[in-house]
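Data block below; observations after.
Every chain is numbered from 1, with letters handed out A, B, ... down the list of sequences.
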Amino acid sequence: MSHAVSTKRYEGLYGALVEFDTPEDLLDACDKAYAEGFRKMDAFAPMPVDGLAEAIGYKKNKVALCVLIGGITGMCFGFGLLQWISQVAYPLNVGGRPLNSWPAFIPITFECMILFSALTSMISMLAMNGLPRPYHALFNVPAFERASVDKFFLLIESQDPKFEPDQTVDFLKTLGGNEVNFVPE
Amino acid sequence: MAQLFRPSSNTIAKVSIVAVVLLASSTIGVAYMIDRGSWITNVQVAPEQPIAFSHKHHVKDDGIDCRYCHTSVETSHFAGVPPTETCMSCHSQIWNNVTATQPIRDSWASGKSIAWNRVHNLPDYVYFNHSIHVNKGIGCSSCHGNVAEMPLIYKVNTLNMNWCINCHRNPAQYIRPRAEIFNVAYQYPDNQAELGAKLVKEYHVQSLLDCATCHR
Amino acid sequence: MDQIEKANVNNIHLPTEVIPDPGANIVLGHGLDYKTVTDRIGGIVVLPWKNSPKKWLVGAFISFCFVNLLMLAVYLLFTKGVGIWGLNIPVAWGFAIINFVWWIGIGHAGTLISAVLFLVKQDWRTSINRFSEAMTLFAVACAGMFPILHLGRPWLFYWLLPYPNSMWLWPQPRSPLEWDVFAVSTYGTVSLVFWYVGLLPDLASLRDTAPYLWQRKIYAILSLGWRGSAIHWHRYQKAYLLLAGLATPLVLSVHTIVSFDFAVSQLPGWHTTIFPPYFVAGAVYSGFAMVLTLVIPLRAWYNMRDLITLRTIEAAAKLMLGVGLIVAYGYGMEAFFAWYSGDKYESFMYWNRMTGPYGFMYWLLILCNIAIPQLLWSQKVRHNLGLVWTISIVINIGMWLERFEIVVTSLHRDFLPSSWGMYIPTKWDIATYAGTLGFFMLLIFLFVRALPSISIFEVREQVHHDLQHENKPAVEEHA
Amino acid sequence: MKDHSPSHPNGNMNEHDKTTASALVPLESLLETPHKKVDLAELREKLAAGRGPAFWRTLDEAAESEHLKEYVEQEFPGLSGQIPQGVDRRNLLKVMGASLAMAGAAGCTKLPLESIVPYVRQPENIVPGLPMFYATAITNAGYAKGVLVESHFNRPTKVEGNPDHPASLGSTTIFEQASILNLYDPDRSETVLQRGGLSTWGQFTGAASLEAQSVGSRQGEGLAILTGLTTSPTFISQMNALLAQWPKAKWYTHEPSANPAVRSAAKKIAGRPAYVDYDFSQADVIVSLESDFLNAGPASLKNARQFAAKRGIDNGQTPVRYYAVESSPSVSGSLADHRFSVKSSAIPAMAYQLAKALGVASPDLAGTAPDWLAKVAEDLSSHKSRCLVIPGEYQPESVHLAAYAINAALGNVGTTVRLLESYIPETSSLEDLTSDLNNGHVEMLVIIEANPVYSAPASLNFEAAIRKARLVVRLGQHFDETSRWSHWHVPSVHYLETWTDARAFDGTVTILQPLVEPLYRGKSPHEMLSVLLGKPDATPHDIVKAYWQSTNPNGFDAFWKTSLHNGVVAGTAAAVLNAGGPVTLPALTPLESSEWEVTFQPDPTVGDGSWANNGWLQELPKPQTKTTWDNLIFVRPSDAEKMGLHNGDLLKVTVKDRSVTGPVWVTPNQAQGSVRIFFGYGRTASGRVGNKIGYSAYAIQDASLPYIAPATIAKVPGRYEIANTQATQSMEEREPVRAAEFAEFKEHPNFPTLEEKPVPKELSLYPESQWTYPNHKWGMTIDLNICTGCSACAIACQAENNIAVVGKDQVARGRHMHWIRIDQYYSGNGTLDEPVSYNQPVPCMHCENAPCEVVCPVGATVHSNEGINQMVYNRCVGTRYCSNNCPYKVRRFNFYLYSDWETESLKGMRNPDVTVRSRGVMEKCSYCIQRIQEVKIKAEKEDNRKIVDGEIITACQQACPTQAITFGDLNDPQSKVAQMAALKRNYSLLDDLNNRPRTTYLGNVRNSNEALRGQRGSNREG
């Protein structure tokens, strides 16, 4: 994602972009490009497309792990807080109930668990996606507006070792997309 | 009009998130500082008094005992505020013509007593009893500080509930021998730990944390 | 600039003629493609005023008047005290708690539809989940008001939160009201997160289709620069799935905990083990009722019959009927155990509930919640939207009455006859309730005008799914 | 965050106490601020706007007006002016503390300290902050009940009974308790008025002495003095002096609630003025002929104490058997073993028949005796000299004579009946005064305290008669109905403001001493008389002291000191008279027969009307009916059914040609064909609280038939809202009250818990409670066997704990605030007309497994380590969940700002040891935690000594006339409460809920007559 790579091979050029009309076209375009040996590439769709990420070589998804950790933290926080309040901070005889009325602590513990894990799921997702990111080179391409409406795009980044502007564009043209654009930095 | 923002906006976006978090936490921090600060608690604030009465002078220089003026501190919940007569008992003889003590003589003459401003004030729903504390080995200075060093009297403690609770939790760390109660310059000895424990036993001091101890 | 904007406006095509309902078999009408769904749904939001129905203005204005009524009622409440309500000893809880439970109940449909139905892969949910999530949020906002308003000293509500204070005092975690604080706030937060995450891609669509620059800027900020990268989508779907998985137990827990407010107490009529499941069922029941109450007019007003089809409405109606039966079972069990337990307080309470001074409300609620909804067994009824809509209203009323019965009739005659009393709501009780209704509706009105009330990208998926089954590329349709 | 005070006036808790806001200011100057006179009439209108205790609130709002500030300034001299704005309640008192420390010094104190003797604790000099107790007495219809008055910083705050006083024995009735509120009543008149215009005492004395001269020139001819009944030796001696000086002057008395027949009968019996005293400690069988001996009359507290002792069953004794014959349910009647509803007008005949049955010669009567009467007679005759027949306070002479004759015949005279010398002077009656007025014999009329224009029987038309006098002078606490017709009105003093003296029923004298200077510079009756006697400057102190000096010339100082200290003057008890000749019963002159009779009695809470302006008494639920704020018309259920009457319907009662209309209360145990109406309401000039509520029973009273009269009644259209605090009076199979026959009790002493099965403990999620209460374990028991339901406990609690008055509207909404309520149940055996009635005081139960505590989200109510269920007002946020979860519904909520935070006088009245609650917080019985803490601190300071049983007394316990309430440490097996709790007939309310209440009850046992079994409460007409 980050474009702070030390060796910029093509100053001012982020990559090359090809547009398709259907997810299917995009999918096999991706396969072709991947087969061609491109690695630093990305695909864009106005909706989730099954297998698209895999097609461009994406494997590990760590969101679930984060959520698990978040959940456990929340649970410990909740239960710990209640125990501390009722046994350490100010122990009180409440209606003759024991200080450690653990059954009464379950609901809050549960809610804390849910709250923490829910928040982590969103935050981790956004963080890994590097959002918020209001500016992005891709937005320089007028056609890219439709990436969120009805068009499907394949991007080969200039950072890709196999990226050579002209050849890459020629290659992309062979994929049967509508038009091919350079993406200025 | 493809690009809506400048590249810098990315940094701004990320920074602003951090900023919001920082701002929120710092607001809370400030709120706490104000709440604990003297603007709310009046700690270290010496209010204007009708007479520039100096505890420093009377206690330290003249060595007058607390009970000379605060007569009912050992017997009542209310320590008592000295009547004009108490002042007159000396100031009819000494300093009996300086302007500083004029209000006393006015009060004496007119029968209207002197309107002091309260320094240590508790909310209505708090029932503090001086006598029991004094009788159980809690010295004046434990709450009121060393008045012998106060030209004008001021609060040294917040008198917040958690401050009270702190001592009620563990009286041993603040208790002192009954003989030292009115020694405003009293220093806790190094062996306060065991001395305290001993006194607590000796004076039958309980750690009272019931609400009704103070709220009725 | 403005030519561009004009161009943009013209670039968004809304159908001029009224589109008929494609019937109860398909989720989406024919002739929809990625672009049209974007225009149809997004257009409602981004197009200038002249394109939105006058009904909107009227409705929004009326709701706004009720909001003012609410503010007046709350002002009085804060200056005079809860005495302006019909409360007393023994009936120390009245409208405030009734409305709280009612609103929270309504707040359950959204999460349920988006989360549970998502997990069980119900395609018809697509067209109403966004809307019902919004409804959830607004209902929870209304619900959240009441626990604070009903306090004797509302300005001290924050004492229910655990924070280090100069009194060194903390909340009392054995109290169901304390559980509520966590349950409701968690539910509110998670619903918001869930809703916002769902909105992200659509906000991006609006950013890219909105005619005016200021609109684009706003939506750009809201969409956080979403650009639909495959990898983003991948993480996005995982996160969304997890959120759904979390929201499902949450939604169950929340009303369970609300039911604990009653079930944990000693009061005959409250101290009831069946309450948790029975409350949850009731919540879902009222939730679906409220969704239908709102969606049926909505799709007519905005000419979206092919986006929210009879399929969806019928499915919702069926589900409502099913949950209604669970609720009926709940009532049955309550009555049965009142008798079977042989407990004199319990049996008296139920007898009093049925025949006492509030008896007529009990029978009215049976009528509203059990008798009338049985009509939904007939497909004719389910296909008659007027009827479905009326029934959904009836159920909303019924569910409110249920809460009234639970709160008031249990309290007004409890253990010692000497302390029995009556509860007669005052005009301010009613004003507060009506006020929150207005507040709720106002939020709904603003929502449909400010955000896509149907999840565009999910509809696109649906379109894609439909197209695949018709094996036709979308472009030809378009041409 | 800062704690937020619930005791902040406007309920906005967010301000913290700025130390500079309040200051210490002297009090001794309080009474010396010069006053600008204000137009009171105008103010009255303004203030009269808010009627009912609503005014306690409306006053705050009105307080904006400059006028009112002046008014308050006048009413509570200094307080409003001297105290800087923002001074809070407790500081106000500290202020007073400060000034007290000052008192000795500056020498200028507002109290004649030299002569006031502290009673219980006598400090060398006043200790600021410590309350002091003074012995004095309160009089009702002339007779004294001794009291101890608690004073904080020179402000009387609480009235308790004086254990050394024969008419109190340490207990009080509701009136003693409520009298403190009268002292601070802002409606009291505060200046001398001439023809309604402002005047001064000086101008009055001037005018009066001129009059006195002209009167004197005519040997007092044309001078009429009207007073209430009095036993004050000093006053009587003053009157005698005056009458001696002016032989032609006349002394009249008027006391609406005192039946002259009682005195005339006693005089016939003894052959001289006498008082018939009954000794219940000797009586095994009691027959009451419509007597409310446990609740009414000068000896009620003594009666109650003796009766309770005789009713005891726990030491193996056989309890007294009590037959009540009455036309309307009375407090005493609720304890009767057999209760017979009989028309009042039939009781004389019944008394004669009883006399006959017991062999007393009595004139023949038509009609036969009901068969139960024979049984009762048997029971009596089998307890010769150990039984007692008590005539009703409002029955005619014949009944009193018959009762005495019966007692004599049964040999009770000397054991249960004594004739005592009476000290009520012989005076002319109000009837005489009216005729003298009408015949123009009265030129100058001096009315002291009495309020005849309101309370004279309508048949006298006194309002017309009073205008015949050339000059009317009125001494009264309020500018009331009578003052309106007076040329001069002089403000009178409250009994806590002045020196005087009075006798108990048995002649014992108490010298009344003031606790404060007259708040409104009122004058005492003594001063009024001495003005007429030409000594305008004599102070009450001098007058009273002079009198006693003359009677005890030697050793006077010691005598004076001890008499004041003890609250009784030694050796003043009356001599026992030996009976005159045998009583002959006069032939009965029966009332003209009519379908309906109406009986008149003072209202149970506002009496004859003199208490009408007392918010506490107005809001106190009346015994039996539990209604507040109104006087009702009692109708028997079956009669009501016949006439289609329901509670709140309007009924028109007509006697002769006069009628009143009032709301109906369908009352079980009301006799058939008899309706009961009450004095005390329908006032027009009592003040904001008492004005324009209810109907005036005097309006149909006929001087010839003052208390029982033939009447016609008719339903009239319209309804009237009645604010009652207990809607359901049947037990609905819940058995909150558990009762048994004495026989059953002997068989199963544990009858209350017979059917109870132990609560299965394993049902709890939690282990058995780990909480032990090692130090103290406070608990309370309430003996339902001797609770009369008199409600003294409720008022005592209200006074002790600063409980707010909320007003009729709020009561009707179910928002009354009493911490202890007296539930009144009717139980079925018997018809709807004649149920048995039970009383059950219900304070907080202080459950060990308190359900209220568990549900409070902020921990505002939790347990103390002594097992007290603490309610922390300043922590409460007002969720009201605790109340919902309290099965006993003993918690009370401040739905509005009920406590008055503005009126200065009330600040002075309140108990400084109890937080005044603010809006939006829950409150409830605290077992008088302030008293517990006070004693604990005291004991700890006294070298950590053990607290003695009985050292801590709750307010309700202290007031209770029968001592039905016991409080103490359950950990101490020797303590009374522990022994009570150990009794077999002890049970806890709603035991099956496993809340483990600390407050428990002792079952009710009735010793009914085998021969009449099943006829208890059965409807037998005479």
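With hydrogens and angles disregarded, a donor-acceptor distance shorter than 3.5 Å links the side chain of D/Arg734 to the backbone of C/Phe415. Listed for the D/Arg880 side chain is a donor-acceptor partner under 3.5 Å among the backbone atoms of C/His150.
When all heavy atoms of C/Leu77 and D/Arg919 are compared, the closest pair comes out as O-NH2, 3.4 Å. Taking every heavy atom of both residues into account, D/Val855 and C/Gln172 meet most closely at N-NE2, 4.4 Å. Across all their heavy atoms, C/Glu178 and D/Pro857 have their closest contact at OE1-O, 3.4 Å. Taking each heavy atom of D/Tyr888 and C/Ser419 in turn, the nearest pair found is O-OG, 4.5 Å. Across D/Arg813 and C/Thr426, no two heavy atoms sit closer than the pair NH1-CG2, 4.2 Å. Across all non-hydrogen atoms, the minimal contact from D/Gly814 to C/Asn88 is O-CB, 3.5 Å.
When side chains are defined from C-beta on, D/Val854 does not count as touching C/Val264, because their heavy atoms never get closer than 4.5 Å. Residues C/Lys344 and D/Asp992 are in side-chain contact: their nearest non-hydrogen atoms beyond the backbone lie under 4.5 Å apart. Side-chain contact between C/Met167 and D/Arg875 is present, with heavy atoms from C-beta onward closer than 4.5 Å. Put simply, the side chain of C/Ile84 does not reach to within 4.5 Å of the side chain of D/Phe895, judged on heavy atoms.
Residue C/His412 places its NE2 atom among more than 12 non-hydrogen atoms of other residues, nucleotides or ligands, all under 6.0 Å distant. By the 6.0 Å contact criterion, OH on C/Tyr340 is open, its count of non-hydrogen atoms from other residues, nucleotides or ligands being 12 or less.
With respect to chain D, the highest number of heavy-atom pairs below 4.5 Å among C/Leu411, C/Val181, C/Ile97 belongs to C/Leu411. Note on D/Gln840, D/Lys626, D/Arg821, D/His816: by heavy-atom pairs under 4.5 Å with chain C, the leading option is D/Arg821. Counting heavy-atom pairs closer than 4.5 Å to chain C, the top residue among D/Cys886, D/Gly859, D/Cys856, D/Ser883 is D/Cys856. Taking chain D as the reference chain and counting heavy-atom pairs below 4.5 Å, the highest number among C/Val91, C/Leu160, C/Asp180, C/Leu87 is found for C/Leu87. Between chain C and the residues D/Ala860, D/Pro736, D/Ser730, D/Cys876, the most heavy-atom pairs under 4.5 angstrom are made by D/Cys876. When C/Leu267, C/Ile424, C/Asp414 are compared by the number of non-hydrogen pairs under 4.5 Å with chain D, C/Asp414 comes out ahead. The choice from C/Gly421, C/Pro147, C/Ser418 that makes the most heavy-atom pairs within less than 4.5 Å of chain D is C/Ser418. Listed options D/Asn885, D/Asn884, D/Thr879 were ranked by heavy-atom pairs under 4.5 angstrom with chain C; first place goes to D/Asn884.
Of the atoms belonging to C/Leu169, heavy atoms from both backbone and side chain fall under 4.5 Å from chain D. Residue contact with chain D, scored on non-hydrogen atoms closer than 4.5 Å, is absent for C/Tyr423. For C/Trp270, the part lying under 4.5 angstrom from a heavy atom of chain D is the side chain only.
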Evaluation steps, side-chain contact (heavy atoms from CB on, under 4.5 Å), between D/Phe893 and C/Val82: CA-CA 10 Å; D/Phe893 189 69; C/Val82 285; 3.6 Å; yes
Stepwise side-chain contact (heavy atoms from CB on, under 4.5 Å) test for C/Trp420 and D/Glu732: CA-CA 11 Å; C/Trp420 288 358; D/Glu732 305 284 337; 3.5 Å; yes
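Paired with C/Gln266 under the rule side chain to side chain contact (heavy atoms under 4.5 Å, CB included), one option of D/Asn994, D/Leu990, D/Asn995 passes, and it is D/Asn995.
Residues D/Tyr881 and C/Trp93 bring their aromatic ring centres within 6.0 Å.
The distance from the CD1 atom of C/Ile89 to the CE atom of D/Met817 is 8.5 Å, given to the nearest 0.5 Å.
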